[in-house]
Amino acid sequence: MNYWLVKSEPFVFSYDDLVRDGVTRWDGVRNYQARNNLRAMKEGDLCLFYHSNEGLAVVGIAKVSKEYYPDPTAEKGDWSVVELQPYKAVQEPLTLATIKQHPMLDQLGLVRNPRLSVMPVSSDEFFIILDLCKTTI
DNA sequence: GCCAACGTTGGC
DNA sequence: GCCAACGTTGGC
């Protein structure tokens with residue numbers, strides 16, 4: 001089991017939208033590092049769902065329901081998508097400000113490379129974050 | 001292969 | 001709205 005963090009602008013696609021839709025195709029990724037992370041996801045892996053631009057917080061957990069396949073929205077280039085489904089909303093959203101204050105989370109990709117939209121999270125980091133969200137899985 | 005210019009992301 | 005960081009593009 002691997003753990004990940006995906007970012008979405010909530011006014012484009014929020015965690016509530018994921019709950020509403022039940023499953024979504026995570027398309028439109030046009031960054032090689034992010035794409036390679038999508039390709040490393042296995043069915044059943046869990047993703048922290050982070051709201052960027054607005055909210056600036058981890059708000060839920062998504063599960064990888066389908067492993068990568070070619071992005072149908074890509075007109076050219078070698079891009080991939082996965083499918084995600086809602087797993088669990090967190091009890092308390094965890095804001096970026098709080099994440100930055102936590103000494104155990106200073107290696108988190110979200111802090112070290114704020115522009116990457118799909119990134120791996122260590123299991124230690126994942127469970128620290130769940131704990132800060134007062135959430136169990 | 002280098003590097004300048006440009007575009008995008010995303011926090012503040 | 002601004003700006004820093006990063007990635008991409010394209011000329012040489």
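Below, chain A is the first sequence line, B the second, and so on; all start at residue 1. Quick caveat, the model's predicted, so the values are computed rather than measured.
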Indicate whether the side chain of [X] and that of [Y] have a donor and an acceptor atom separated by less than 3.5 Å.
X: A:Glu125; Y: A:Ser122; value: yes
X: A:Thr73; Y: A:Arg30; value: yes
X: A:Asp17; Y: A:Ser14; value: yes
X: A:Arg35; Y: A:Ser80; value: no
X: A:Tyr69; Y: A:Glu83; value: yes

Task: Side chain to side chain, A:Leu132 and A:His102, heavy atoms closer than 4.5 Å - done: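 In short, these two side chains touch, coming nearer than 4.5 Å.
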- [ ] Could you tell me whether the side chain of A:Trp4 reaches within less than 4.5 Å of the side chain of A:Asn37, counting heavy atoms only?
- [x]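 With C-beta onward as the side chain, the pair touches.
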Distances for protein N/O vs nucleotides 1-8 of chain B N/O pairs under 3.5 angstrom?
{"from": "B:dT8", "atom 1": "O2", "to": "A:Arg115", "atom 2": "NH2", "distance (Å)": "2.6"}

Open item on the list: Rounded to whole Å, please give me the gap between CG in A:Asn53 and P in B:dT9.
Closed with: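 Rounded to the whole Å, the gap is 9 Å.
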Open item on the list: Between C1' on B:dG10 and CD on A:Glu9, what's the gap in Å once rounded to a whole number?
Closed with: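 Taking atom C1' of B:dG10 as the reference, CD of A:Glu9 is at 8 Å.
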Open item on the list: Please give me the minimum heavy-atom distance between A:Val29 and A:Trp79, naming the atom from each residue.
Closed with: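 Shortest heavy-atom separation between A:Val29 and A:Trp79 comes out as O-CE3, 3.5 Å.
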Open item on the list: For A:Ser65 versus A:Val23, what's the shortest heavy-atom pair and its separation?
Closed with: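 Shortest heavy-atom separation between A:Ser65 and A:Val23 comes out as OG-CG2, 3.6 Å.
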- [ ] Look at A:Tyr50 and B:dG11 and indicate whether a side-chain polar atom (N or O) is within less than 4.0 Å of OP1 or OP2.
- [x]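 Looking at the OP1 and OP2 atoms of B:dG11, one of them is under 4.0 Å from a side-chain N or O of A:Tyr50.
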Task: Terminal helix-axis angle for the helix from B:dG1-C:dC12 to B:dC12-C:dG1, with five pairs defining each axis and rounding to 10 degrees - done: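 One end's axis against the other's: 10°.
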Open item on the list: Using ring centroids (six-membered ring only for Trp), state whether A:Phe127 and A:Tyr3 fall under 6.0 Å.
Closed with: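 Aromatic pair counts; centres sit under 6.0 Å.
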- [ ] Would you jot down, in residue-number order, the residues of residues 100-114 of chain A having a non-hydrogen atom under 4.0 Å from DNA chain B?
- [x]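 Nucleic-acid contacts, sorted: A:Lys100, A:Pro114.
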